[in-house]
Number of protein chains: 2
Amino acid sequence: MPLQAPRATLEGGSLGDGVRQLLTRRLLAGVYSPGDKLSLRRVAADLGVSMTPVREAVSRLVADGALEVAPSRAVRVPILGVGEFRELTALRIEIEGLAAAWAAERRDDADLAVIAEAEAGFRLERARPAPDLVLTVAINQKLHFAIYRAARSPMLMEIITGLWLKAGPILNLDMSTNVARVSSGTGERYHTAALAAVRARDAVGARDAVAGDIAQACKYIISLGRLPANRSPQYIDGGLLIST
Amino acid sequence: MPLQAPRATLEGGSLGDGVRQLLTRRLLAGVYSPGDKLSLRRVAADLGVSMTPVREAVSRLVADGALEVAPSRAVRVPILGVGEFRELTALRIEIEGLAAAWAAERRDDADLAVIAEAEAGFRLERARPAPDLVLTVAINQKLHFAIYRAARSPMLMEIITGLWLKAGPILNLDMSTNVARVSSGTGERYHTAALAAVRARDAVGARDAVAGDIAQACKYIISLGRLPANRSPQYIDGGLLIST
DNA sequence: TGCGCAAATCTGTGATCACAGTCACTATGA
DNA sequence: TCATAGTGACTGTGATCACAGATTTGCGCA
């Protein structure tokens, strides 16, 4: 049962946009776990809006693969199998690695300052005797996106956001419940390396650092062995968009 | 004024899905041109459905960036500026190049046969005294996606489809109205090289061939000089998904 | 106490209505 | 003749209702 924020303020041009942003934020923050079912009516009631804006928001999130409609007509957070999670990880390594490389080439001083601040924040929080896991995950996200934003490619940012939306529930599920991994500091090394590479305008180094960070985090999650086997026998074409 | 197919059959689990697939196909086929305005009510009437499924389809396409809602509350096909088109091209080179590389590594004989058939079809059509431009564009798309499908990554396929949806209206606008470019056969060389590389399991060669194909096609379109200047002063964050 | 069937509840989907904006056209004024 | 205000026909958005199907609940029976 996903926990609900007591009252959420909706922003955005339209109500549908507001709902979408809110759901996106919750997905990224790990409020929902893989397999959780969402009810359009329940969300609508919780947010004090009608079902229409919720439906629009959900349809967009389904388009992004952040949610899925089961054949039983239930909207839920997708459950990724090991194979699918591996595929997602491989994709993230390539695409976020690309963003990091571009960031190293195109960053300006303001970008660097934001990245350095996030990196310092992450280090600070991790060094505390009892790190706030939810906060740590949030800062980690902030750091990654600070780097990607410096790549100055809004379309690339959108793609990466889509990937994070797919991975978010799993990452949050496993990261925010394990103190051991956060405290071990394996991720910190990569973050520091990424910052240094972006500062030095070292595209290859930035790519490797980000790729390493993603790879080891996902390797850890897979090693937990909590991911189910693949659901799709082979694979299903994205949105069966191409007919002929 | 976009031309309408006399009567289109809607497939898919739900009406909304059917409408989405239909609109997607039209976008990819160049039925709509950049700047064309779509009316939800008109589309609904043309398709014989209510406004609800159309709204859902459009909201998904807006999420993918294939359509946009202007501040004046009009849904239209986005008009890409030169800078945005360059960004899109750079992204396509990286991501579709990645797909081609994976395809070279992972393809099996069945994949290769499909790719070879599409390549032969493209060559055949181009060699005709009066090539059917619309058909040529369709075969070109078929060839590209045959390659990408061999990469065996549905998520990557979805990303690429999203990129094509953004680029489709422009590509079709300029390619299907210019016999010169098709007849010149510059694209054919890259296609043949891509096929050969995939056959030889040469990942680097496949990436270079696809990248070359995209680069020269987009260079040609930019050289036409019909693209307007950038619309966004700097750049707008994809879907303003990240708040903090 | 355990099993099975039925009814009630809840699901997403589609259609329809109401509303507040925007745009284009037109009639009226100077 | 030209500018301008008005007016009507659109636009997308949101809410509400109806419907068919799946899920769950709960009651009755063995």
Side-chain angles (χ1 to χ4, degrees), chain A residues 1-2 4 8-23 27 32 34-79 231 239-240, chain B residues 1-2 4 8-24 27 32 34-79 239-240:
Chain A
M1 182 65 66
Q4 301 285 352
T9 58
L10 293 181
E11 336 170 331
S14 65
L15 280 181
D17 250 29
V19 175
R20 182 181 58 83
Q21 290 181 41
L22 179 72
L23 290 182
L27 245 8
Y32 304 120
D36 275 357
K37 287 193 289 190
L38 300 205
S39 159
L40 299 190
R41 283 178 177 84
R42 188 181 307 272
V43 174
D46 284 346
L47 269 50
V49 299
S50 108
M51 218 164 55
T52 308
V54 177
R55 204 201 299 204
E56 181 185 330
V58 166
S59 78
R60 287 182 67 148
L61 290 171
V62 169
D64 289 336
L67 294 175
E68 69 177 6
V69 295
S72 65
R73 272 181 164 187
V75 176
R76 61 176 188 181
V77 181
I79 303 176
R231 289 180 305 148
L240 36 104
Chain B
M1 181 65 67
Q4 301 285 353
T9 60
L10 293 180
E11 336 171 330
S14 65
L15 279 181
D17 251 29
V19 175
R20 183 181 57 83
Q21 291 181 39
L22 179 72
L23 290 181
T24 299
L27 244 9
Y32 304 120
D36 276 355
K37 288 193 287 190
L38 300 204
S39 158
L40 298 190
R41 284 178 177 85
R42 189 180 308 270
V43 173
D46 284 345
L47 269 49
V49 298
S50 107
M51 218 164 55
T52 308
V54 176
R55 204 201 298 203
E56 182 186 329
V58 166
S59 78
R60 288 182 66 148
L61 291 171
V62 169
D64 290 336
L67 294 176
E68 68 177 9
V69 296
S72 66
R73 272 182 165 186
V75 176
R76 61 176 188 180
V77 181
I79 302 176
L240 37 105

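Throughout, protein chains are lettered first and strands after them, A, B, ... in sequence-line order, and every chain is numbered starting at 1.
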Calculate, to the nearest 0.5 Å, the distance between atoms CG and CG belonging to B/L61 and B/L67 respectively.
5.0 Å

Nearest-angstrom distance from the residue atom CG of B/L38 to P of D/dT13:
13 Å

d(CG, B/L40; P, C/dG14) in whole Å
15 Å

Taking CD from B/E56 and P from C/dG12, how many angstroms apart are they, rounded to a whole number?
12 Å

For residues B/V58 and B/L38, determine if any side-chain heavy atom of one lies less than 4.5 Å from a side-chain heavy atom of the other.
no

Minimal non-hydrogen separation, B/S59 against A/R60, with atom names:
O-CG, 3.3 Å

Is there side-chain contact between A/E56 and A/R20, with at least one heavy-atom pair below 4.5 Å?
no

To the nearest angstrom, the CG-C1' distance between B/L67 and D/dT11 comes to 15 Å

Sugar-phosphate only, base, or nothing, as touched by B/V75 at under 4.0 Å among non-hydrogen atoms:
sugar-phosphate

Nearest-0.5 Å distance, CG of residue A/L15 to CG of residue A/L22
12.0 Å

To the nearest Å, how far apart are A/E68 CD and C/dG12 C1'?
15 Å

Distance check needed: C/dA15 C1' versus B/L15 CG, whole Å only.
11 Å

Please produce a list of atom pairs where a protein N or O lies less than 3.5 Å from an N or O of nucleotides 16-23 of chain C.
none

Correct closest heavy-atom pair for A/V54 and A/V19 would be CA-CG1, 4.1 Å

